[in-house]
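The next block holds one structure in the form of structure tokens; read it before the comments.
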Amino acid sequence: MLRSIVRPLKTITGCKAASTTSSIQPGTKYGGKTTVTLIPGDGVGPEICESVTTIFKEMAVPVEFETIDLTKHTLKDEGAFNMAITSLKRNGVGLKGVINRSADFRHHNVEFRGNLDTYANVVRCMSFDGIKTHHTGIDLIAIRENTEGEYSCLEHESVPGVVECFKVITREKSLRIAKFAFDYALEHKRRKVTCIHKANIMKLSDGLFKQCCKEVSELYPTIDYDEQIVDNTCQQLVINPQQFDVMVMPNLYGNLVSNLAAGLVGGAGVVPSKSYGSEIAVFEPGARHTWMEMKGMYVANPVAMVLSSAFMLKHLTLHDAGDKLIQAVKLVLNKESCKTRDLGGNATTREMTRAIMEELNHLYA
């Protein structure tokens with residue numbers, strides 16, 4: 001439907017058309033159930049993933065998890081990483097916690113994105129009535145190019161005491177993420193896309209990214225477009241975050257902006273995200289922290305992972321289940337009686353999970 005509205009991106013020199021979120025089809029199905037790769041990861045990942053599997057069992061959703069034990073310790077065996085990649089490619093959909101960096105400084109979360117080409121990371125930061133914050137009425141989408149920029153991991157020590165890090169920006173990938181952002185805005189009835197950059201200093205690399213976003217914006221006359229320098233963006237987020245709708249940016253800026261925006265709406269525990277490739281979707285918390293110091297205590301907030309799983313249900317076309325799960329989470333957050341430590345309460349992970357299931361029972365009654 002979107003392609004009938006806008007001119008195909010392939011008419012812009014140097015880029016292939018990018019997939020929209022609605023064009024990515026769910027993967028393996030057996031006996032009426034969709035198989036989803038589940039990677040709990042490190043730290044509190046297994047505990048908050050337990051919340052999801054418990055809720056899904058209570059809801060009786062037609063989803064079956066293929067669990068892969070992938071942590072910084074099991075990654076010493078290269079076969080574990082390959083097994084996870086194979087599972088994700090086979091199933092086409094994944095729910096993933098965060099994996100800690102290993103002793104050899106390899107960042108496996110970055111390796112995942114590169115191997116799967118999950119080039120578009122989408123973080124939704126929205127206000128909840130029951131969480132007291134400085135600002136209200138925030139509902140912004142931070143879309144981050146996930147495969148290049150400073151996160152290309154191309155760095156070396158050229159001579160002792162001198163380290164070089166390469167920032168790679170390409171026309172093809174910049175056009176691809178720009179088109180994704182505008183398609184996302186159309187599909188979700190958003191009004192504006194803002195390109196975040198630092199082209200005033202990095203005139204070639206960020207200049208290219210900004211130029212590509214501008215070119216793509218001309219194909220979408222119904223969507224407003226503007227540009228902002230990243231340092232000004234950080235200030236504007238603190239002063240007036242409601243001005244933002246959909247934001248698109250290179251990799252490093254996306255990491256900084258999405259974490260800043262998460263802090264405005266209640267913190268890492270309440271922000272979901274999803275990453276898209278041409279044939280795969282991976283859902284995970286939007287602010288990527290393992291919280292190793294809380295491992296095994298069952299005090300972590302499961303909301304970010306539960307909301308990510310709700311958006312996963314909607315991706316699997318289980319819209320009613322996904323919408324009800326989102327509604328149940330909002331109902332719990334709006335009550336003072338059940339909040340985890342990060343939100344000023346004393347509830348445990350399992351108590352928060354039970355509260356969400358109780359609200360689901362009322363919604364399904």
Side-chain angles (χ1 to χ4, degrees), residues 1-24 110 113-123 140-154 166-188 190-230 233 244-255 257-258 273-282:
M1 185 175 179
L2 297 182
R3 292 192 178 107
S4 66
I5 299 173
V6 299
R7 184 162 58 96
L9 188 60
K10 64 183 178 182
T11 60
I12 297 179
T13 303
C15 187
K16 303 169 185 175
S19 301
T20 62
T21 59
S22 60
S23 68
I24 304 169
V110 174
R113 298 166 213 156
N115 274 269
L116 299 170
D117 195 29
T118 47
Y119 65 90
N121 178 240
V122 181
V123 178
L140 65 85
I141 304 292
I143 295 180
R144 163 187 178 184
E145 205 295 319
N146 230 4
T147 61
E148 57 179 16
E150 291 86 348
Y151 278 61
S152 303
C153 294
L154 298 174
F166 294 95
K167 173 173 179 170
V168 178
I169 298 287
T170 63
R171 176 175 172 81
E172 179 176 342
K173 291 188 176 182
S174 297
L175 288 170
R176 182 173 68 167
I177 194 65
K179 183 180 189 300
F180 179 95
F182 279 92
D183 281 345
Y184 188 96
L186 267 183
E187 189 175 330
H188 294 85
R190 296 280 178 156
R191 57 183 173 77
K192 182 175 72 172
V193 173
T194 303
C195 167
I196 310 301
H197 64 89
K198 190 62 178 171
N200 59 321
I201 300 298
M202 285 170 273
K203 298 183 185 299
L204 292 179
S205 55
D206 281 28
L208 174 60
F209 186 87
K210 185 178 77 163
Q211 175 191 335
C212 290
C213 289
K214 177 65 174 173
E215 285 183 42
V216 172
S217 73
E218 294 170 358
L219 306 179
Y220 296 78
T222 61
I223 299 177
D224 294 336
Y225 172 73
D226 65 358
E227 300 165 349
Q228 228 177 66
I229 296 172
V230 63
T233 298
F244 296 105
D245 193 358
V246 174
M247 310 160 76
V248 61
M249 60 209 90
N251 211 329
L252 178 61
Y253 308 155
N255 185 31
V257 166
S258 60
S273 83
K274 45 204 171 183
S275 293
Y276 292 104
S278 59
E279 298 179 349
I280 194 166
V282 179

How far apart are the closest heavy atoms of Cys212 and Ala178, and which atoms are they? O-CB, 4.3 Å
Of all heavy-atom pairs linking Val248 and Phe209, the shortest is O-CE2, 4.1 Å
Distance from Asp245 atom CG to Ile141 atom CD1, nearest 0.5 Å? 8.0 Å
Supply the atom-to-atom distance Leu116 CG to Ile280 CD1, rounded to the nearest 0.5 angstrom. 4.5 Å
Closest non-hydrogen contact found for Leu186 with Ile223 is CG-CD1, 3.7 Å
Can you sort out the partners of Lys214 under side chain to side chain contact (heavy atoms under 4.5 Å, CB included), two or more places apart, ordered by chain and number? Ser217, Glu218, Tyr225, Glu227
Taking only residues two or more places apart in sequence or in another chain, which ones pass salt bridge (Lys or Arg N to Asp or Glu O under 4.0 Å) with Asp117? Arg176
Quick check on side chain to side chain contact (heavy atoms under 4.5 Å, CB included): which of Ile143, Thr233, Val123 does Met247 satisfy it with? Thr233
Can you tell me how far apart CG (Leu154) and CD (Glu148) are? Round to the nearest 0.5 Å. 10.5 Å
Holding to side chain to side chain contact (heavy atoms under 4.5 Å, CB included), I want the full list of residues that pass it with Ser275, two or more places apart in sequence or in another chain. Thr118, Asn121, Asn146, Glu284, Arg288
Can you confirm whether Glu145 sits close enough to Tyr253 that some side-chain heavy atom of one is under 4.5 Å from a side-chain heavy atom of the other? no
Side-chain contact test, heavy atoms from C-beta onward, threshold under 4.5 Å: evaluate it for Asn255 versus Tyr151 and give yes or no. yes
Mind checking whether Phe182 and Val246 have side chains closer than 4.5 Å, heavy atoms only? no
What I want to find out is whether Lys210 reaches Asp206 closely enough, with some N-O distance under 4.0 Å, to be called a salt bridge. no
Hits for side chain to side chain contact (heavy atoms under 4.5 Å, CB included) against Glu150, two or more places apart or cross-chain, chain-then-number order -> Lys167, Leu252
Counting C-beta onward and ignoring hydrogens, is there a side-chain heavy-atom pair between Tyr184 and Val193 closer than 4.5 Å? no
Is there a side-chain contact between Glu187 and Asp183 in this structure, where contact means two heavy atoms from C-beta onward sitting under 4.5 Å apart? no
Note: Asp226 and Lys192 closest approach over all heavy atoms is OD2-NZ, 3.8 Å
Minimum-distance pair of heavy atoms, taken over all atoms of Ser258 and Ala142: CB-CB, 4.3 Å
What is the minimum heavy-atom distance between Tyr119 and Thr147, and which atoms define it? CA-CG2, 3.7 Å
Which is it for Thr194 and Gln228 under the side chain to side chain donor-acceptor pair (under 3.5 Å) test, yes or no, and what are the steps along the way? CA-CA 7 Å; Thr194 303; Gln228 228 177 66; over 6 Å; no
Can you run down the side chain to side chain donor-acceptor pair (under 3.5 Å) pairs that involve residues 195-204, sequence neighbours left out, and say none if there aren't any? Lys198-Asp231
For Asn251, what residues pass the side chain to side chain donor-acceptor pair (under 3.5 Å) criterion, not counting sequence neighbours? Arg144
Rounded distance (nearest 0.5 Å) linking atom SG of Cys213 with atom CE of Met249: 10.0 Å
